[in-house]
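Chain A is the first sequence line, chain B the second, and so forth, proteins listed ahead of strands; every chain is numbered from 1. Please read all numbers here as calculations on a predicted model, not as lab measurements.
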Amino acid sequence: MLPDVMASRLNAVMSSEVTIPVVEAVSANEAPVSTIATIGQHEGQRVTLRGWLYNLRSSGKLLFPTFRDGSGTIQGIVPKAAVPEIVFETLKGLTLESSVVVTGKVRADSRAPSGYELDVEDVTVTQRVDDANPFPIQLKEAGVEFLMEHRHLWVRTPRQSAILRVRATIMRAAAEYFDTNGYTRTDPPILTPNACEGTSELFEMDYFDDEKAYLTQSGQLYIEATALALGKVYSFGPTFRAEKSKTRRHLTEFWMIEPEVAYMDLEGLMEMAEGFLRHIVTKVLETHRGADLKLIGKDEAKLEAIIAEGAFPKLTYDEAHAMLKDAYAAGKIEKPHEYGDDFGSPDETYISSQYDKPVMVHRYPAAVKAFYMQPDPKDPAKALCVDVLAPEGYGEIIGGSQRVDSYDLLKKRIEAHGLPLAAFQWYLDLRKYGSVPHSGFGMGIERCVAWLCGLEHVRETIPFARTLNRIYP
RNA sequence: UCCUGAGUAGCUCAAUGGCAGAGCAUUCGGCUGUUAACCGAAGGGUUGUAGGUUCGAGUCCUACCUCAGGAGCCA
């Protein structure tokens with residue numbers, strides 16, 4: 001680089017001009033562009049990093065800027081005596097989260113958390129954050145409300161970025177399991193003419209003229225149709241619930257992956273659900289062990305335990321009820337579980353806490369479950385359904401069932417639940433033309449991410465959470 | 001919708017009914033191996049809102065607002 005160019009850059013820094021455009025691309029004699037995650041491949045070589053200033057420590061004539069580039073963080077070292085004055089002056093006092101392009105030599109260093117440091121040789125500021133308006137998210141602790149209000153900036157922090165990477169892996173692994181096992185992805189509509197199950201509160205909107213439309217709360221009914229067309233199908237997309245739930249497990253907008261399989265019974269469904277979850281956990285460990293999982297603070301042994309030898313535990317509703325009865329008698333839960341009722345949140349937490357693998361609870365009383373669930377032929381008061389409860393109190397991550405395949409029974413059920421028959425005519429048609437036993441489940445992605453990452457709240461598992469009290473940013 | 005709790009500096013939090021404080025951040029200065037670096041100095045406040053009790057209210061009372069956690073409901 002020419003001396004007069006350097007001089008003008010130095011002048012710009014000295015006169016506190018805030019923006020130094022970096023339109024000048026990394027020139028031919030510069031080092032190859034690397035990412036921090038893969039920087040070990042360039043040990044001893046010069047590389048260029050394009051990212052942001054994450055932190056800056058200083059010891060007089062020695063600067064320690066930490067850079068991040070989305071793949072990780074690395075500390076640079078800038079001794080005043082060893083670099084051009086422009087480089088030192090540019091970095092000295094540079095504001096956090098200013099965007100920078102840095103060139104330096106990669107050096108292994110046992111003192112560095114990642115094992116590598118960068119001996120900075122050159123730096124260009126793409127945009128300098130204004131001194132008077134520093135980056136709002138500090139390295140120190142912050143409150144939930146403040147962080148959520150600044151979610152667009154919070155996602156830059158290493159832990160949040162790591163969570164989003166694990167989320168991406170989970171979504172990829174989930175789809176991959178079905179893609180490689182003969183399933184066809186058939187996504188149902190987001191806008192629906194009526195409530196799928198007639199229970200949940202739905203987001204309502206005008207749909208031209210006098211019609212109303214609702215945001216889907218599940219694609220299940222639609223993929224039952226595509227399952228009878230294509231055999232094995234799944235859907236993967238956002239779903240919406242207008243319930244005023246205020247807990248660490250609820251979002252008003254969340255992502256659900258739902259398989260549906262013709263000729264599959266409940267036993268087959270449970271087997272499939274286990275294979276599906278094992279695949280996801282395996283991929284998460286494969287991709288993030290020792291890195292993102294460590295950064296997030298998840299105990300990896302707990303993930304190892306899930307995929308360890310031995311089937312997932314299975315309990316009937318009756319067995320689970322008996323377990324809760326004992327637990328209440330022993331003073332381990334506060335409220336007794338009434339036989340016939342659905343399990344409450346504390347009940348599920350207790351049941352799942354007994355195992356280090358997800359537990360499958362099946363054959364609930366039909367009365368507390370959805371209208372489309374097939375009765376157990378051995379006990380028609382029970383439904384052929386299964387809830388998969390995640391360990392460590394993360395609650396129900398999967399809910400599924402074998403579906404009613406008889407036209408007459410389904411029609412009766414719809415009427416008994418007070419649902420408008422006309423709206424379900426197409427759904428009834430599926431039982432009129434070549435009906436078969438079929439089963440499927442839905443898994444909430446965010447609960448799965450919270451569980452596998454060991455998070456307190458699902459709001460951190462999605463880039464921009466939609467909750468009862470928040471629709472900004 | 002119900003129950004519980006919290007709102008004080010940009011952020012995180014202190015403050016027996018008696019002068020509005022600290023750490024971080026910001027600005028200025030110092031430091032050649034720092035790891036949320038550290039040391040010194042400066043600036044920074046309508047204590048969520050409205051009323052009330054009191055000589056005196058951040059603190060006590062009432063209402064409201066906002067947020068959080070939980071219940072219900074669910075993935």
Does B/A68 have its OP1 or OP2 closer than 4.0 Å to a side-chain nitrogen or oxygen of A/N469? yes
Examine B/G69: is either OP1 or OP2 under 4.0 Å from a nitrogen or oxygen in the side chain of A/R459? Give yes or no. yes
Proximal nucleotide (of B/U34, B/A75, B/G72) relative to the A/Q75 side chain: B/U34
Separation between the P atoms of B/U12 and B/G7, rounded to whole Å: 12 Å
A/F254 aromatic ring stacked with six-membered ring of B/A75, 5.5 Å and 30°: yes
Are any of A/R470's side-chain N or O atoms less than 4.0 Å away from OP1 or OP2 of B/U66? no
Gap between atoms CZ and P, on A/R111 and B/U34 respectively (whole Å): 8 Å
Say you pick atom C1' in B/G45 and the same atom in B/A9; how far apart are they, in whole Å? 6 Å
With A/E258 as partner, the option from A/D187, A/I223, A/I398, A/V233 fulfilling side chain to side chain contact (heavy atoms under 4.5 Å, CB included) is A/I223
Between A/G444 and A/Q138, which residue's closest nucleotide on RNA chain B lies nearer the 5′ terminus? A/Q138
For the side chain to side chain donor-acceptor pair (under 3.5 Å) test, which of A/Q220, A/H417, A/R403 pairs with A/Y372? A/Q220
In whole angstrom, what separates A/E396's CD from B/A75's C1'? 6 Å
Rounding to an integer number of angstrom, what distance separates B/U4 and B/G43 when you compare their C1' atoms? 40 Å
Heavy atoms only, 4.0 Å cut-off, all strands: where does A/G395 land among base, sugar-phosphate and nothing? nothing
In whole angstroms, the gap separating C1' of B/U26 from CD of A/E97 amounts to 17 Å
Phosphate OP1/OP2 of B/G69 contacted by A/H457 side-chain N/O (<4.0 Å): yes
Touch check for A/T239, heavy atoms < 4.0 angstrom, all strands: base, sugar-phosphate only, or nothing? nothing
Would you sketch RNA chain B in dot-bracket for me? Only Watson-Crick or G-U wobble pairs with both distances under 3.5 Å count, crossing pairs as [ ], other-strand pairs as |, the rest as dots. (((((((..((((....[..)))).(((((.......))))).....(((((..]....))))))))))))....
